[in-house]
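Computed from a prediction, not measured in an experiment: that's the story for all the values here.
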Amino acid sequence: MGVAGGEVIVTALTHRGAVRPANEDAIVMGALTVAGANMTAPVRCVLPVGEPVILAVADGIGGQAAGEIASEHAVHRMAEVGARLEGPDHVAQILGNIDEEIKDHAKQHTEFSGMGTTVAGVLLNGDGNFWFNVGDSRTYRIEGGRLRQLSEDDSPALPPSEDGRPVTTNFITQSLGGSSGGSMVPHVGRDEAPDPSAWLMCSDGLSDLVSTDEMERMMAEAGSDEAAVHALWQAAMEGGGKDNISIMLARRV
C-alpha cells in the first residue's frame, strides 16, 4: 500500500535525438505536459500527491506530424483526467478511450492513417502506486540502485546477438491508435514495493541504445537526479541518438 499524501519529485527531459528532424515524444507530469520539445537540460518539479498524480512518457508513431499528434493527445488526455483516476481499472479505461480517440481521428483524416503512440508510466495515489504501458516504452522501479522493469514490452522476442546483448526492433505489436489488428489491451499493475519508491520511465530512444547495467552505473555515479537524467540522455546521444529520447525519474517521498 502507498502512503497517503506526500509528494513526488519528478525530473524529466525530452529531446529529438541526433537523427530525427522533430520530437514525436511527449511527457505528462500531473497536470503538466510537454510535447514536441527539444530540451537539453532536465526540468524538475515537485507535485503533491494529495490527489492522484499521473506520470508518463509517450512515443508517437506513424511519421512526422501524425506521431506528434497522437502522443500529444495522449498526454493531454491523461493530464485532464489523471487527478480523478482511482486505480488500475480507471487507468485501463482511459487508455482504451485514448486508443479509440486516436483511431477516430485517423479515420477522419486519411493523411494520418496508422498514427499511434506508445505510453508508459505510473499513477500515484493514496491507495498505492500503479504502473502501466502500451507498446515498448518502459517503466522501471529503482530498487537499491538497480532497475527492475515493471512494464511489459509489446514487441516480438528476438534471440540475443552473438555477444549476448539483447536485440531490439522498431516493430511493436500494439499501441494507442496505430494500425495493429485486434483490440488494444493495456498492461496495468500495482507496484507492490512499499513507499518511499522511485521509478524511471523512458521511450525506446534510451532503452534501445543504453543497457540496463549502463543505466544503473550512470545513475549510481550521478550526484543528483538532474545529473542522472542528463547523463542518460548524453549516453543515448553518444550511442547514435537514432530516435527521440524521453526520460523521467520520479521519487515518491
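- Between H187 and F132, the ring center distance fails the sub-6.0 Å criterion.
- Listed by first and then second residue, the ring-ring contact (aromatic ring centres under 6.0 Å, His included) pairs involving residues 19-42 amount to none (not counting sequence neighbours).
- Among all heavy-atom pairs drawn from A56 and V119, the shortest one is CB-CG2, 4.0 Å.
- Taking 4.5 Å as the limit, every side-chain heavy atom of L209 sits out of range of all side-chain heavy atoms of M237.
- With sequence neighbours left out, N38 forms a side-chain hydrogen bond (donor to acceptor under 3.5 Å, both in side chains) with H15.
- Taking all atoms of both residues into account, the shortest heavy-atom contact from D243 to G205 is CB-CA, 4.0 Å.
- Between V185 and Q174, the shortest heavy-atom distance links the atoms O-NE2, 2.7 Å.
- In this structure the side chain of V122 never reaches within 4.5 angstrom of the side chain of F130, judged on heavy atoms.
- The CD atom of E192 sits 11.5 Å away from the CH2 atom of W131 when rounded to the nearest 0.5 Å.
- At a threshold of 4.5 Å between non-hydrogen side-chain atoms, the residues W233 and P42 do not count as touching.
- Across every non-hydrogen atom of D153 and D136, the tightest pair is OD1-O, 4.1 Å.
- With rounding to the nearest 0.5 Å, the separation of CG in L206 from CG in L13 is 10.5 Å.
- For V49 against V8, the heavy-atom pair with the smallest separation is CG2-N, 3.8 Å.
- Electrostatic pairing of R77 and E80 counts as a salt bridge here, judged by a charged N lying under 4.0 Å from a carboxylate O.
- Side-chain atoms of T14 and N23 include a donor-acceptor pair closer than 3.5 Å.
- Inspection of the T118 and S137 side chains reveals an N or O donor paired with an N or O acceptor under 3.5 Å.
- Here K103 pairs with D99 in a salt bridge; the nearest charged N to carboxylate O distance falls below 4.0 Å.
- Note: E24 CD to I61 CD1 = 9.5 Å, rounded to the nearest 0.5 Å.
- Put simply, the side chain of N129 does not reach to within 4.5 Å of the side chain of R190, judged on heavy atoms.
- Between the side chains of D59 and S203, no donor-acceptor pair is found at a separation under 3.5 Å.
- Partners of R84 under the side-chain hydrogen bond (donor to acceptor under 3.5 Å, both in side chains) rule, at least two apart in sequence or in another chain, do not exist in this structure.
- With values rounded to the nearest 0.5 angstrom, R44 atom CZ is found 9.0 Å from S224 atom OG.
- Q234 CD to M218 CE: the interatomic distance, rounded to the nearest 0.5 Å, is 9.5 Å.
- When all heavy atoms of V75 and T33 are compared, the closest pair comes out as O-CG2, 3.5 Å.
- With rounding to the nearest 0.5 angstrom, the CE atom of M201 is 11.5 Å from the CD1 atom of I247.
- Side-chain contact between R251 and E7 is absent, with no heavy-atom pair separated by less than 4.5 Å.
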